[in-house]
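Ligands are counted one by one from 1 in listed order, and the atoms in each one are counted from 1 as well.
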Amino acid sequence: MTTPPSAPGSRTHFGFGAALAAHALLVEHRANEGWQPARMAPRQTGAVPMGSGAVQYGLSVFEGMKAFRGPDGKVHLFRPDRHAARMRASAERICLPPMPEQDFVAHVAAFTRAQEHLVPPHGQGALYLRPTLAAAEEFLGMRPATYHVFAILATPVPRPASKPIGLAIEREMVRAAPGGVGAAKTGGNYAASMLAAERAKAKGLDQVLWLDAFEHRYLEEAGVMNVFVALDGRVVTPPLDGTILPGVTRESCLALLRGLGVPVSEERIALDELVAAQQRGQLREILGTGTAACVVTIDRVLGGGIELRPTSTELAQRLRAALEPIQDGRAPDPHGWRVKVDAVRAPAGMAERSAEA
Ligand SMILES: *Cc1c(COP(=O)(O)O)cnc(C)c1O
């Protein structure tokens, strides 16, 4: 039995992203040779040069996913196939070499096995995994790179807090526009978002409510989470129209809501209609979903004279109560979302021994 990274109760050096694992799994890709064998290396080995496409042109994509320890002590991944598919789609959108999905899952499983000691005890959090693919060739011309590095980083995280958050309505800046890269998990979207997020924090709020780029009217995302709204009798979430990130948590919540018999639809949600719904007493709840935060209640949405203050937390609680036990292995897994890391074959060329670094 291995020791968790911090004793239960000492949560301070256990915060999100604070303590990165010392080792990373690295896989190189060369245009003429394809994907190379994986190796474990000190995390800094994967550093990309200042003259790379990743630094200069934002040519990098990433995933955020979690490994959990089940009640039997065994470690599993949550929906790694969906993260593999999304990383592939993100890579294709910005001309990075797509990694075959099976290889992605094999690398993530091998890395997690090698870092098993960092997976918190059952019920106390997860190992957050950050597979990242970056253009690492030093070249300033404008073309796809011929050398890329895929790396998996990791950091242990506690169970997400269920404290409600507040959003600032953003009416000038936009996160993504139709035809852009909004559906790709790429750094450029975060670069586009950072200033508005900082302004929201300066106003005492936690995140930004992003609206559509044309009319600044339709809800897109809640910071770096997908957004759901519960109106009287039904739940809505914006459709995947290319400007929002296709969240795995969003997809899981849609499946769970349908399973619970809650009427749910993917439709555009106009901010002014939410104001009207609130006046009619029909705005029940707003919530955000994402791997890091799971499901969080949004109890206030403020800006430009608008003030939405949904009071219910019932849906967030129901969704969390349905999702978390499937994620951490307490509940049955009817959808086949959990993948035991021991059940995934090692990636080609990677000796398990070298994974024990
Ligand atoms: C990653 C991300 C999400 C959430 O996706 P999950 O797969 O549920 O973690 C939502 N919005 C943005 C902008 C993201 O980058």
*Check step by step if ring-ring contact (aromatic ring centres under 6.0 Å, His included) holds for Phe62 and Tyr190.*
CA-CA 11 Å; Phe62 65 91; Tyr190 284 70; 5.4 Å; yes

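Grouped with Ile269 in one hydrophobic cluster are Ile165, Leu167, Ile169, Leu209, Leu211, Leu219, Met225, Val227, Val229, Leu231, Val236, Leu271, Leu274, Val275, Leu283, Ile286, Val296, Ile298, Val301, Ile306, Leu308, the linkage being side-chain heavy-atom contacts under 4.5 Å among Ile, Leu, Val, Met, Phe, Trp and Tyr residues.
Ring-plane geometry between Phe68 and Phe78 is classed as perpendicular, the angle between the planes exceeding 60 degrees on a 0 to 90 degree scale with a lower cut at 30.
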Check: every ligand 1 N/O to protein N/O pair under 3.5 Å:
{"from": "ligand 1", "atom 1": "7 (O)", "to": "Arg86", "atom 2": "NH1", "distance (Å)": "2.7"}
{"from": "ligand 1", "atom 1": "7 (O)", "to": "Arg86", "atom 2": "NH2", "distance (Å)": "3.1"}
{"from": "ligand 1", "atom 1": "7 (O)", "to": "Val248", "atom 2": "N", "distance (Å)": "2.7"}
{"from": "ligand 1", "atom 1": "8 (O)", "to": "Val248", "atom 2": "N", "distance (Å)": "3.3"}
{"from": "ligand 1", "atom 1": "8 (O)", "to": "Thr249", "atom 2": "N", "distance (Å)": "2.9"}
{"from": "ligand 1", "atom 1": "8 (O)", "to": "Thr249", "atom 2": "OG1", "distance (Å)": "2.6"}
{"from": "ligand 1", "atom 1": "9 (O)", "to": "Thr291", "atom 2": "N", "distance (Å)": "2.9"}
{"from": "ligand 1", "atom 1": "9 (O)", "to": "Thr291", "atom 2": "OG1", "distance (Å)": "2.6"}
{"from": "ligand 1", "atom 1": "11 (N)", "to": "Glu221", "atom 2": "OE1", "distance (Å)": "2.5"}
{"from": "ligand 1", "atom 1": "11 (N)", "to": "Val224", "atom 2": "O", "distance (Å)": "3.3"}
{"from": "ligand 1", "atom 1": "15 (O)", "to": "Lys185", "atom 2": "NZ", "distance (Å)": "2.7"}
{"from": "ligand 1", "atom 1": "15 (O)", "to": "Tyr190", "atom 2": "OH", "distance (Å)": "2.6"}

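Side-chain contact between Arg159 and Glu324 is present, with heavy atoms from C-beta onward closer than 4.5 Å.
A salt bridge does not link Glu307 with Arg300: every distance from a Lys NZ or Arg NE/NH1/NH2 to an Asp or Glu carboxylate oxygen is 4.0 Å or more.
In terms of modelled atom types and a separation under 3.5 Å, the side chain of His23 and the main chain of Arg43 share no donor-acceptor contact.
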